[in-house]
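Everything below concerns the one structure shown next.
One-based numbering along the sequence shown. Just the heavy atoms: all of them, side chains too, but no hydrogens, waters or symmetry mates, feed the values below. Whatever order the structure lists ligands and atoms in, that order sets their numbers, starting from 1.
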Amino acid sequence: MKSKLQHTGMILLILAGLLVTTYVSANDDFVFWPDADYDPAIPTFETVLGYQPGERITWHADVVRYFEALAKAAPDRMSVSSYAKSWEGRELIYAVVTSAGNLSRIDEIKANMQRLADPRKTSRSEAKAIIEDQPAITWLSYAVHGNEISSTEAAMLTAYHLLASQGDKRVADIMRDTVVVIDPMQNPDGRDRFIHHYEITEGLVPDPDRISAEHNEPWPGGRTNHYYFDLNRDWFIMTQPETRGRVKLIQEWYPVTFVDAHEMGSDSTYFFAPGAYPYNPHLAKNQRSSLEIFGKNNARWFDAFGLDYYTREVFDEFYPGYGASWPSYFGSISMTYEQASSRGLVARQYDGKDLEYPYTIRNHFITSLSTAETTQANRQKLLNDFYNYRASAIEKGKTGDVRSYLIPT
Ligand SMILES: [Zn+2]
């Protein structure tokens, strides 16, 4: 009996050894982007922060430090500015990444979007002339929920990749034909609250157990801002300084593409557009068809990488106070992307697999690039659709039954 038990124990040990070997070798193959050739003049994560992407969860102050280091290394192609301060005094920053030619005339590019946004002043032929030579703006917003951590690291990688990639035609096209605006942390107070709890509870090695102390985030968690507002419900009510600053900024730029990158439960995979049925009837036909175009390009990349994802379930576009819907109402293509969360450096999923932080970062990184690529490939269509959306709103206002709504305070 005893020897039989020992025998079983040995087999289990060998099996465990095999599993560990497989696991480690799978990790050795892990890359954020295959065959990337990076310009050494652009500072990496490691040179600025001292660790590889996904080894730590990056604090607000360090995210700002990294973005400033990138802008310092490539001031002709990237700028970093602040658009608001959180309740706790943290700067909300955004980065503008594009070609040197575009950055040198960035005010003109913004002014052109204002002209396209107002068909009362801009005729169809004038709009056509503007669109001929106008880069389209992709707006990538990350981590409005502070405990949805991976997207902020993906924001840093996206900026790095766009600046440092050499000999990659896709990146060159994105830089030439578009402007990528990156808002890496929409809720820095919530993010730092999450990291603080995570770091004071972690041990020598990350614990994937979902009931470990580091995964047991106490109320109120990092989701909300300082006053426990869910900033992803605040977009049309605009009660919080983070939202107010953001909305004002976005209306200066009028991006044709807007992404709000989130995380969802650890047992899920990845979600992108098109969203759940029934569809919001207030979306224009062109907006709906463009959602499909963005979704298909994301799917193409996920298929190439062999990654799981889904569409058309769970996430709808009805509530106008979401980041993924409010920009639709000025004529943008607005989407939520959702990655299963490791809620720390690693989480064990229901089937026993470990979901690791670098993996979750990579997925948001892939869709960030894929989205910019889709904007680039559909530049003229998206700019035309934007102008037509604005023109159709004026037409509807002239002919519709309702002229205005009065809302008592
Ligand atoms: Zn979220």
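- In this structure, Y160 has its ring center at least 6.0 angstrom away from the ring center of F45.
- The only option from T375, T374, T371 that meets the side-chain hydrogen bond (donor to acceptor under 3.5 Å, both in side chains) definition with T138 turns out to be T375.
- Take the Zn ion (ligand 1) and draw a sphere of radius 2.8 Å; the protein N/O/S atoms inside it number 4.
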Quick one, H161 with F365, criterion ring-ring contact (aromatic ring centres under 6.0 Å, His included). Give me CA distance, side-chain angles, the key distance, then yes/no. CA-CA 9 Å; H161 187 86; F365 171 56; 5.4 Å; yes
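- Scored by the ring pair (Phe, Tyr, Trp, His ring centres under 6.0 Å) test, F318 finds no partners at all (sequence neighbours excluded).
- The cationic atom of R362 (NZ for Lys, CZ for Arg) does not lie both less than 6.0 Å from the six-membered ring centre of F305 and within 45° of the ring axis.
- Between E317 and R288 a salt bridge is recorded (basic side-chain N to carboxylate O distance below 4.0 Å).
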